[in-house]
Amino acid sequence: MSQQEKTFSLEIREDNIGVLTMDVPGETMNTLRAEFADEISALIKDIKANADLQGLVIISGKKDSFVAGADITMIDACETAADAEKLSLEGHRVMGELEALNIPVVAAIHGPCLGGGLELALACHIRVCTESTKTVLGVPEVMLGLLPGSGGTQRLPRLIGVAKSLDLMLTGKQIRGKQALKMGLVDDVVPETVLLEVAVKLAKKGKIQRKLKLDLVGKLLETNKLGRNIMFDQAKKQTLSKTRGNYPAPEAILEVVKLGQEKGFEAGLKLEAKRFSELAMTSESAALRGIFFATTAMKKEDGVKGVKPKKVKKAVVLGGGLMGGGIANVTATKAKVPVRIKDIAPQGLLNAQKYTYDILNKKVKRRFMSKSEMQSQLAMITGTTEYTGVKNADIVIEAVFEDLKLKHQMVADIEANCNENTIFASNTSSLPITQIASEAKRPENVIGLHYFSPVDKMPLAEVIVHPGTSDQTISTTVEFARKQGKTPIVVKDGAGFYVNRILAPYMNEAARLVLEQEPIDVVDKALVDFGFPVGPVTLLDEVGIDVGAKIGPILTKELGSRFEAPAVFDKLLADDRKGRKNEKGFYLYGKKAKKGKKQVDESIYKLLNLKPEAKMAPKAIAERAVLLMLNEAARCLDEGILRSARDGDIGAIFGIGFPPFLGGPFHYMDSIGIAELVDKLERHQEKYGERFAPCESLKAMAKEGKKFYN
Ligand SMILES: C[C@H](O)CC(=O)SCCNC(=O)CCNC(=O)[C@H](O)C(C)(C)COP(=O)(O)OP(=O)(O)OC[C@H]1O[C@@H](n2cnc3c(N)ncnc32)[C@H](O)[C@@H]1OP(=O)(O)O
């Protein structure tokens with residue numbers, strides 16, 4: 001291997017501190033690969049042989065990345081559990097050799113330090129990280145359906161305690177330097193400019209004699225077997241209530257951490273490698289890894305191949321409602337682009353600005369953000385009731401009432417008050433973009449940019465293209481959405497676009513099940529057990545029954561009778577049931593609701609003349625609703641609404657929480673088998689009606705034995 005191809009280089013400084021720099025050639029980020037093991041082992045041998053060496057600092061040669069974990073493609077390439085177990089055991093060996101060094105070893109961390117990267121740092125004797133926002137630490141393996149497989153399940157609890165470790169391992173959350181210091185994960189947090197200097201000083205100071213610091217509850221629960229049993233039982237209960245048994249990794253994490261606490265470090269490591277290898281072979285992990293690969297690929301794609309996006313320097317949001325406030329928020333705080341909100345009423349502007357104030361204020365209170373940082377972000381959001389200060393806007397996003405006439409007026413206003421290049425992006429959730437653009441003087445600048453509520457949390461944005469939208473507009477809008485922290489998917493214009501189009505038949509079917517006397521909470525639970533974050537009836541309450549009632553007829557008119565909603569909306573709206581927003585829907589809200597308990601508003605059964613009784617198996621309930629979603633997703637791909645099955649999977653997972661462990665609707669259809677799926681749809685068609693008729697593309701695929709993914 002030539003000098004340049006090496007990942008690790010060891011420099012011995014004059015003060016006899018060795019600096020081991022990791023820099024994987026040709027990659028933007030450092031990741032750990034099996035082939036590095038021998039290279040590190042050889043270096044460790046050299047280090048041991050050097051009697052003059054006083055200490056060692058491990059640092060990254062990359063600009064803004066320490067180590068982002070084990071290389072996920074390497075885990076993906078494992079064909080058998082034995083392959084994966086070997087990876088884990090090799091990791092154990094190398095980390096063990098590092099930890100056993102007599103001289104103090106310091107990890108100098110700047111940039112992501114995740115998964116195997118953090119496990120490497122844990123095997124060091126001392127950790128120092130930068131205070132930069134680029135530095136994040138965590139063990140996100142659970143998001144890939146895995147567990148920390150390089151000793152993390154054993155070293156982390158011994159350093160910071162079991163409860164805090166379980167929180168990190170079970171959620172996969174990433175924390176910043178100051179939080180890491182507070183929890184004892186690192187020993188110091190410093191500015192980037194002095195990282196190496198401080199690390200060297202720490203190495204000279206010598207190893208730290210550590211004693212696990214626990215608070216009173218920690219002492220009660222973690223230092224004796226009985227307490228630990230209570231803690232693990234509780235954690236298991238909470239985990240199962242979240243995963244519903246659909247995700248094997250969290251349970252395995254609990255098992256391995258517990259065993260390590262009871263039977264010791266070595267026994268813990270042994271089980272860690274075993275469970276890691278088993279998890280790597282599960283369909284759940286394969287699906288979750290697929291999501292990582294898909295989203296990474298999507299980060300790099302231009303909205304239109306070869307068309308470079310223009311830089312957005314100023315944005316305008318029309319409408320200061322909940323959506324407008326959220327869009328302004330991500331524009332200022334994530335994209336770091338100044339944004340001007342235009343509303344007809346000063347109160348609207350205040351509400352929209354308050355949206356961001358409330359979010360930032362929470363961060364300040366938790367000390368995640370300084371007051372001055374908050375002030376400077378708030379200063380980026382200004383307001384106007386006239387069209388002043390909008391002339392040089394690069395993009396205008398409208399979030400006004402769903403009314404075509406009003407939208408036409410907005411297009412005309414922007415064409416009159418902005419410049420000829422200003423993009424007009426509509427956040428409509430139901431009106432076709434072609435119709436919004438129909439009276440535009442510059443239809444090439446008109447596009448859809450559909451966000452999901454709450455905007456600051458939901459990761460998806462649909463970028464909707466009508467036949468006249470220019471490539472430049474598409475490319476710039478896609479990049480802008482990405483800067484706002486969204487994963488954008490480009491979809492062709494059509495009623496409901498993609499996400500609402502697949503959601504509508506699913507929600508309608510849930511409503512039909514309720515009308516067939518299945519209890520509301522039983523229907524919701526069946527779909528939550530299937531893997532959705534909330535049930536469809538709850539979702540309808542959240543979205544608004546009035547909103548649902550509006551979208552239904554538009555979809556039926558444009559796409560056909562299979563979208564017809566059951567005749568229930570008129571009765572609900574006549575009874576002023578809009579859902580959570582007016583605290584009157586399928587469930588109880590406000591004063592009527594018991595704290596912490598979700599309860600069906602039983603009066604709805606009387607209103608709809610129902611005598612609920614659970615008759616169907618939960619699996620059959622879920623199947624009925626989900627089959628319609630799958631069939632519609634296949635249609636969207638066939639009609640070119642979607643550019644790819646991958647976009648359809650990511651759109652459904654990020655937009656409506658389609659169960660990630662199933663990999664998205666297209667992945668799931670492949671795993672069922674297309675022929676089997678068609679068969680299921682036909683059986684449902686016979687029993688429940690034409691809306692279940694499998695679409696032509698699925699039938700053709702079944703005949704030809706095709707799949708969505710190869
Ligand atoms: C045995 C161990 O316990 C098992 C493990 O460690 S499993 C791995 C655990 N680590 C993770 O899950 C982290 C995965 N990575 C990430 O979340 C994000 O990449 C990140 C937060 C580190 C950085 O995000 P961002 O700055 O947006 O950069 P992003 O575009 O995602 O990544 C940059 C490049 O690094 C690659 N990369 C990042 N982490 C990787 C990993 N763990 N494996 C393989 N490639 C990785 C990406 O594929 C991308 O490659 P490309 O430039 O060739 O397309």
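In each ligand, atom 1 is the first atom listed, and ligand 1 is the first ligand listed.
Annotation: atom 16 (C) of ligand 1 to nearest protein heavy atom, Phe292 CE1, 3.9 Å. Atom 40 (C) of ligand 1 has Thr31 CG2, 3.6 Å as its closest protein atom, hydrogens excluded (heavy atom only). Closest protein heavy atom to atom 31 (O) of ligand 1: Lys299 NZ, 2.6 Å. Nearest protein heavy-atom neighbour of atom 35 (O) of ligand 1: Met29 CB, 3.6 Å. For atom 39 (N) of ligand 1, the nearest non-hydrogen atom of the protein is Ala68 CB, 3.5 Å.
With hydrogens and angles disregarded, no donor-acceptor distance shorter than 3.5 Å links the side chain of Thr476 to the backbone of Thr473. Ser241 places a side-chain N or O within donor-acceptor distance of the main-chain N or O of Gln238, the cut-off being under 3.5 Å. A side-chain donor-acceptor contact under 3.5 Å links Glu462 to the backbone of Val499.
Applying the ring-ring contact (aromatic ring centres under 6.0 Å, His included) test to every pair with at least one member in residues 251-295, sequence neighbours left out, gives no pairs at all. The stretch residues 657-667 participates, sequence neighbours left out, in no side-chain hydrogen bond (donor to acceptor under 3.5 Å, both in side chains) pair at all.
Considering backbone and side-chain N/O of Thr296, none are found under 3.5 Å from N/O of ligand 1. Any N or O atom pair closer than 3.5 Å counts here, and Glu119 shares at least one such pair with ligand 1. Residue Ile72 places at least one N or O, backbone or side chain, under 3.5 Å from an N or O of ligand 1. Inclusion of Ile75 in the set of residues having an N or O under 3.5 Å from an N or O of ligand 1 is not warranted. For a threshold of 3.5 Å applied to N or O pairs, the pair formed by Gly116 and ligand 1 contains at least one separation below that value. The shortest N/O to N/O separation between Leu146 and ligand 1 does not fall below 3.5 Å. At under 3.5 Å, not a single nitrogen or oxygen of Thr73, backbone or side chain, sits near a nitrogen or oxygen of ligand 1. Remark: ligand 1 and Lys300 share an N or O pair separated by less than 3.5 Å (distance only, no angle test). Considering backbone and side-chain atoms together, Leu114 places no N or O closer than 3.5 Å to any N or O of ligand 1.
Donor-acceptor pairing under 3.5 Å is recorded for the side chains of Ser41 and Glu97. In summary, the side chains of Thr487 and Thr295 do not present any donor paired with an acceptor at a separation below 3.5 Å, with no hydrogens or angles considered.
Looking at Asp64 and Lys134, a side-chain N of the basic residue comes within less than 4.0 Å of a carboxylate O on the acidic one, giving a salt bridge. A salt bridge between Glu479 and Lys483 is present, with a side-chain N of the basic residue lying under 4.0 Å from a carboxylate O of the acidic one. Of the charged side-chain nitrogens involved, at least one lies within less than 4.0 Å of a carboxylate oxygen, so that Arg33 and Asp71 count as a salt-bridged pair. The existence of a salt bridge linking Asp456 and Lys334 is excluded, since no basic side-chain nitrogen approaches an acidic carboxylate oxygen closer than 4.0 Å.
Using a 4.0 Å cut-off to heavy atoms of Pro148, the atoms of ligand 1 that qualify are 3 (O). With ligand atoms numbered from 1 in the order given, ligand 1 contributes 43 (N), 44 (C) to contacts under 4.0 Å with heavy atoms of Asp71.
Residue contacts with ligand 1 for Thr28 involve side-chain atoms from C-beta outward but no N, CA, C or O (heavy atoms, distance under 4.0 Å). At a heavy-atom cutoff of 4.0 Å, ligand 1 is contacted by the side chain of Leu144 but not by its backbone.
Evaluated by nearest non-hydrogen atom to atom 42 (N) of ligand 1, the leading choice among Ala70, Gly26, Gly69 is Ala70. The heavy atom nearest to atom 2 (C) of ligand 1, considering only His92, Glu141, Met74, is found in Glu141.
Within the 4.0 Å cut-off (strictly below), a protein heavy atom is located near atom 13 (C) of ligand 1.
Residue-ligand proximity: Ser150 is placed with a non-hydrogen atom under 4.0 Å from ligand 1. Residue Phe293 places every heavy atom at 4.0 Å or more from ligand 1. Ligand 1 is approached by Pro140 to a heavy-atom distance shorter than 4.0 Å.
Relative orientation of the His450 and Phe452 rings is tilted, given thresholds of 30° and 60° on the angle between their planes.
The aromatic ring centres of Phe658 and Phe532 sit less than 6.0 Å apart.
Ile397 places a side-chain heavy atom less than 4.5 Å from the side chain of Phe480.
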